Amino acid sequence: MAIELYSQREIEKIKRASKVVAEVLALVAENVKPGVSTWELEMIARREAQKRNATPAFLGYKPPFSDKSYPAALCISINDEVVHGLPKKEKIIKEGDVVSIDFGAILDGYAGDSALTVIAGKGSPTAQKLLEATKEALYRAIEKATPGRKIGDITHAIHETATSYGFKTILRYGGHGVGRKVHQEPFVPNNPKDVGKKNPRLRQGMVIAIEPMLAVGTEETVEDGDGWTVKTKDGSLAAHFEHTVAITRKGPVILTEL
Ligand code: MF3
Ligand code: CO
């Protein structure tokens, strides 16, 4: 499948879905506290999406990288968990936990996708630095999302930021096209080893989710026993930030900002 290009009108629709995503994520993030279960956060996301007449994009969705449907609205990935952490009643957030929350919503046939990481209570200096680096990687990457540049320019911005802090970029996971579906082409790698020969050029009308995933100690991941949760291979901390971004004539436009 070719990379889909969106008209200004369609980008407005993706923006409306993305606004719901931003609002729901902010509300969920406010509720990340020691003692709260990740399932309680899941319930908040479902309720708040419904209030806004939006459908959670991940709930019941079969992503391209799996042969089964994802059973929740949120991905909540804690500490050494990188992405796709499954919310569970028995999973209770503790003081100092590094909590990544990822949410997608569909409104009027268009999707938005965003993620952020927060620390429950007071985090370690390393945790704080990791969050700062991952957020900086996202914003440096967004600056590269202009017509004429290449997907690999986004990857390199993420990787250089990570390296400048002494952190790693996760292999084999990354961003993606988003709009009429939550996962579309192109793949947007976080690690330069994943930039292929194709390395598509960015064009006006593309909409992509840019989602740096950084870890303290390794690029490598392993899948947890639940069939979804992806963890760092060495057990080191990971963080994740994501925005849906439109590539326009005037440059990058972040759609999932409040
Ligand atoms: N935002 C996540 C991603 O782009 C979505 C995970 S899809 C799920 O990787 F179905 F696994 F939740
Ligand atoms: Co995404």
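Counting starts at 1 for both ligands and their atoms, following the listed order. Numbering of residues begins at 1 and proceeds along the displayed sequence. For clarity, every value in this text was computed on a predicted model and none was experimentally measured.
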Output side-chain donor-acceptor pairs under 3.5 Å for residues 250-258, partner residues at least two apart or in another chain, one line each.
| unit_1 | atom_1 | unit_2 | atom_2 | d |
| --- | --- | --- | --- | --- |
| Thr256 | OG1 | His243 | ND1 | 2.8 |
| Thr256 | OG1 | Thr244 | N | 2.9 |
| Glu257 | OE2 | Tyr139 | OH | 3.3 |

Listing, residues 22-31 side-chain donor-acceptor contacts under 3.5 Å, not counting sequence neighbours, or none:
| unit_1 | atom_1 | unit_2 | atom_2 | d |
| --- | --- | --- | --- | --- |
| Glu23 | OE1 | Arg52 | NE | 2.5 |
| Glu23 | OE2 | Lys19 | NZ | 2.8 |
| Asn31 | ND2 | Leu27 | O | 2.8 |

Taking just the N, O or S atoms of His176, which one is nearest to the Co ion (ligand 2)?
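Of the nitrogen, oxygen and sulfur atoms in His176, the Co ion (ligand 2) lies nearest to NE2.
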
Name of the Glu242 N, O or S atom nearest the Co ion (ligand 2)?
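Restricting Glu242 to its N, O and S atoms, the minimum distance to the Co ion (ligand 2) goes to OE2.
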
For the pair Thr117 (side chain) and His240 (backbone), establish whether a donor and an acceptor sit closer than 3.5 Å, ignoring hydrogens and angles.
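Yes, Thr117 side chain to His240 backbone: donor-acceptor pair under 3.5 Å.
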
Taking Glu42 for the side chain and Ala72 for the main chain, is one N or O donor matched with an acceptor at less than 3.5 Å?
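No.
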
So if I only count non-hydrogen atoms and take anything under 4.0 Å from ligand 1, which residues does that give, chain by chain?
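These residues qualify: Phe58, Tyr61, Pro63, Phe65, Tyr70, Cys75, His84, Asp102, Asp113, His176, His183, Glu211, Trp228, Glu242.
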
State, to the nearest 10 degrees, the angle whose vertex is the Co ion (ligand 2) and whose arms point to OE2 of Glu211 and OD2 of Asp113.
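Rounded to 10°, it measures 170°.
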
Would you check if there is a donor-acceptor pair between the side chains of His183 and Tyr61 at a distance under 3.5 Å?
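His183 and Tyr61 do have a side-chain donor-acceptor pair below 3.5 Å.
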
Regarding Arg180 and Tyr110, is there a side-chain donor-to-acceptor distance under 3.5 Å anywhere?
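Distance-only check passes for Arg180 and Tyr110.
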
Report, one line per pair, each donor and acceptor closer than 3.5 Å where one atom sits in a side chain of residues 96-104; sequence neighbours left out.
| unit_1 | atom_1 | unit_2 | atom_2 | d |
| --- | --- | --- | --- | --- |
| Asp97 | OD1 | Asn79 | ND2 | 2.9 |
| Asp97 | OD1 | Lys94 | NZ | 3.3 |
| Asp97 | OD2 | Lys94 | N | 2.8 |

